[in-house]
Amino acid sequence: MRRRTLAVLLAISFPVLAGCGGAPVDGAAAAPASLPAPTPTSSSVTAPGTPASSSSPAPSASLPAPPSTPAPPSTTPVRSCRSPEFTTSGPDGGWSDGGYYVHNNMWNAGEAGPETLRACAYDNWYVESTQPDSTSVKTYPNVHKDINDQNGKPFNDYSVIKSTFAGRGPGTGVYDVAYDLWLNGVGDGKGVTEVMVWTENRKQQPSGDKLTTYVAGGFTYDVWADEDGYVAFVSRSTQYAGSVDLKAMIAWAIGKGLIPSNPTVNQIGYGIEFCSTGGGKARFTLSDFSVTMS
């Protein structure tokens, strides 16, 4: 699996520390191409010796576009999971439901504390996580949709790729709530591209450099990219619920040279990257998720 270095944004005025991504776990592999296969984690730490993608062009440093006035934060729909159909505390525990896969995904188990996921449905679940006060990403509990058993289908075959979401982080510790899209493959591999869309951010910074901005749906996103096939759209305003036009985002990034033309779309997921909960128990709640592709 691909691991990239993130930076933690400290609340005090010291220089940014390299890493919400400490030493990666060696020997990690991409998920098998079938449900209920575990998903690869989101990009958090670069494994030693992982080669850069040769097919992803270096990002072009375009000038930032004038930001629009952000829309007010949306609210999470009132919904609770009181009688879970599935519960797991296993590092790789997961559950298939409704064509989606809910995954505890404690990929950095060597550094992670305990985490339990309880699901009533693929679009109604929560996770309780207790992570030490350190700067490496420990887990990425998420729900995801595999396309063609992770073999993917060409981007140009779709006129619509949209998604709805509702997820709320605990408001404490260090984390980001984000989409994780895999193009031209899943996990580590030559030419694989990973695209993230951060809807909530607490003290994290993506890998690479901030290049420009993207405006859609009343929200402004800072766009980050590195030379290893990673692109992140980071919302300046917290979005607890809403919808995103993933087709438009990918098409825009292709036009900027950040993503190769007509990639395969292999997996679309949404969840939370936990770096730290300050040593105490923290909860992430997901109350809506869907992917529409046609």
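Ile161 places none of its side-chain heavy atoms less than 4.5 Å from the side chain of Thr292. Considering only heavy atoms from C-beta on, Asp97 stays 4.5 Å or farther from Val102 through its side chain. Under the 4.5 Å side-chain criterion, counting only non-hydrogen atoms from C-beta, Leu286 is in contact with Tyr270. Under the 4.5 Å side-chain criterion, counting only non-hydrogen atoms from C-beta, Pro141 is in contact with Ile272. Using a 4.5 Å cut-off on side-chain heavy atoms (C-beta onward), Val195 and Tyr179 make no contact. Side-chain atoms of Leu211 and Trp224, non-hydrogen and from C-beta on, never get closer than 4.5 Å to each other. For the pair Trp182 and Thr193, the minimum side-chain heavy-atom distance is 4.5 Å or more.
The shortest non-hydrogen separation linking Asn266 to Val186 is CB-CG2, 3.6 Å. Nearest heavy atom pair, residue Gly278 against residue Asp133, reads CA-CB, 4.3 Å. Val192 approaches Gly187 most closely through the heavy-atom pair CG1-O, 3.3 Å. Closest non-hydrogen pair, Gly185 versus Thr264, comes out as N-OG1, 4.0 Å. For the residue pair Thr277 and Ala282, the shortest heavy atom distance occurs at CG2-CB, 3.6 Å. Residues Phe274 and Gln131 come closest through the heavy atom pair CB-CG, 4.2 Å.
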So Tyr214 and Met249, side chain to side chain contact (heavy atoms under 4.5 Å, CB included) or not? Walk me through it. CA-CA 8 Å; Tyr214 176 83; Met249 285 181 158; 3.7 Å; yes
In sequence, state the C-alpha distance, the side-chain angles, and the governing distance for Tyr122 and Phe289, and then conclude on ring pair (Phe, Tyr, Trp, His ring centres under 6.0 Å). CA-CA 8 Å; Tyr122 70 87; Phe289 181 72; 7.4 Å; no
Might you work through the side chain to side chain contact (heavy atoms under 4.5 Å, CB included) test for Val234 and Tyr221, ending with a clear yes or no? CA-CA 5 Å; Val234 180; Tyr221 299 82; 5.9 Å; no
Please evaluate residues Tyr126 and Cys81 with respect to the criterion side chain to side chain contact (heavy atoms under 4.5 Å, CB included), reporting the C-alpha separation (whole Å), side-chain torsions for both, the decisive distance (0.1 Å), and the verdict. CA-CA 8 Å; Tyr126 66 93; Cys81 178; 4.1 Å; yes
Assess whether side chain to side chain contact (heavy atoms under 4.5 Å, CB included) is satisfied between Ile268 and Met293, documenting all intermediate values. CA-CA 11 Å; Ile268 297 173; Met293 306 176 76; 4.2 Å; yes
Residues Glu111, Ser136; criterion side-chain hydrogen bond (donor to acceptor under 3.5 Å, both in side chains); working and verdict: CA-CA 8 Å; Glu111 296 183 33; Ser136 60; 2.3 Å; yes
What verdict does the ring pair (Phe, Tyr, Trp, His ring centres under 6.0 Å) test give for Phe233 and Trp252, after you've listed the backbone C-alpha separation in whole Å, the side-chain angles of each residue and the deciding distance to 0.1 Å? CA-CA 11 Å; Phe233 293 78; Trp252 178 88; 5.8 Å; yes
As a quick check of understanding, evaluate ring pair (Phe, Tyr, Trp, His ring centres under 6.0 Å) for Trp107 and Tyr140, giving each step before the final call. CA-CA 7 Å; Trp107 65 267; Tyr140 179 61; 9.5 Å; no
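A donor-acceptor contact closer than 3.5 angstrom links the side chains of Asp288 and Thr164. Using a 3.5 Å distance cut-off with no hydrogens or angles, the side chains of Glu115 and Ser129 do pair a donor with an acceptor. A donor and an acceptor atom, one from each side chain of Tyr175 and Glu200, are located under 3.5 Å apart.
In this structure, Ser235 OG and Phe219 CZ are separated by 6.0 Å, a value rounded to the nearest 0.5 Å. Rounding to the nearest 0.5 angstrom, the gap separating the NZ atom in Lys203 from the OG1 atom in Thr135 is 13.0 Å. Interatomic distance, Asn105 CG to Asp92 CG, rounded to the nearest 0.5 Å: 7.0 Å. With rounding to the nearest 0.5 angstrom, the OG1 atom of Thr87 is 9.5 Å from the CH2 atom of Trp95. Note that CG of Leu258 is 12.5 Å distant from CD1 of Ile250, once rounded to the nearest 0.5 Å. If you take CD on Glu273 and CG on Asp180, they are separated by 7.0 Å, rounding to the nearest 0.5 Å.
Put simply, the side chain of Asn108 never gets that close to the backbone of Ala112: no donor and acceptor are under 3.5 Å apart. One N or O on the side chain of Asn262 and one on the backbone of Asn156 form a donor-acceptor pair closer than 3.5 Å. Between the side chain of Asn201 and the backbone N or O of Gln204, at least one donor-acceptor pair lies under 3.5 Å. Formation of a donor-acceptor pair under 3.5 Å by the Asn124 side chain with backbone atoms of Ala121 is not found in this model. Asn148 places no side-chain N or O within 3.5 Å of a backbone atom of Asn151 that could act as its donor or acceptor partner. Side-chain atoms of Asn104 come within 3.5 Å of backbone N or O of Gly90 as a donor-acceptor pair. The backbone N or O of Ser290 sits less than 3.5 Å from a side-chain atom of Ser163, completing a donor-acceptor pair.
Electrostatic pairing of Asp222 and Arg236 counts as a salt bridge here, judged by a charged N lying under 4.0 Å from a carboxylate O. Between Glu85 and Arg118, none of the side-chain N atoms (NZ, or NE/NH1/NH2) sits under 4.0 Å from a carboxylate O, so this pair counts as no salt bridge.
Note that Lys145 lies in the cation-pi zone of Tyr100, set by a 6.0 Å cut-off to the ring centre and a 45° limit from the axis. Under a cutoff of 6.0 Å and an axis angle of 45°, Lys247 and Tyr158 do not form a cation-pi pair.
Transitive grouping of hydrophobic side chains (ILVMFWY, heavy atoms separated by less than 4.5 Å) keeps Trp125 and Met106 in distinct clusters.
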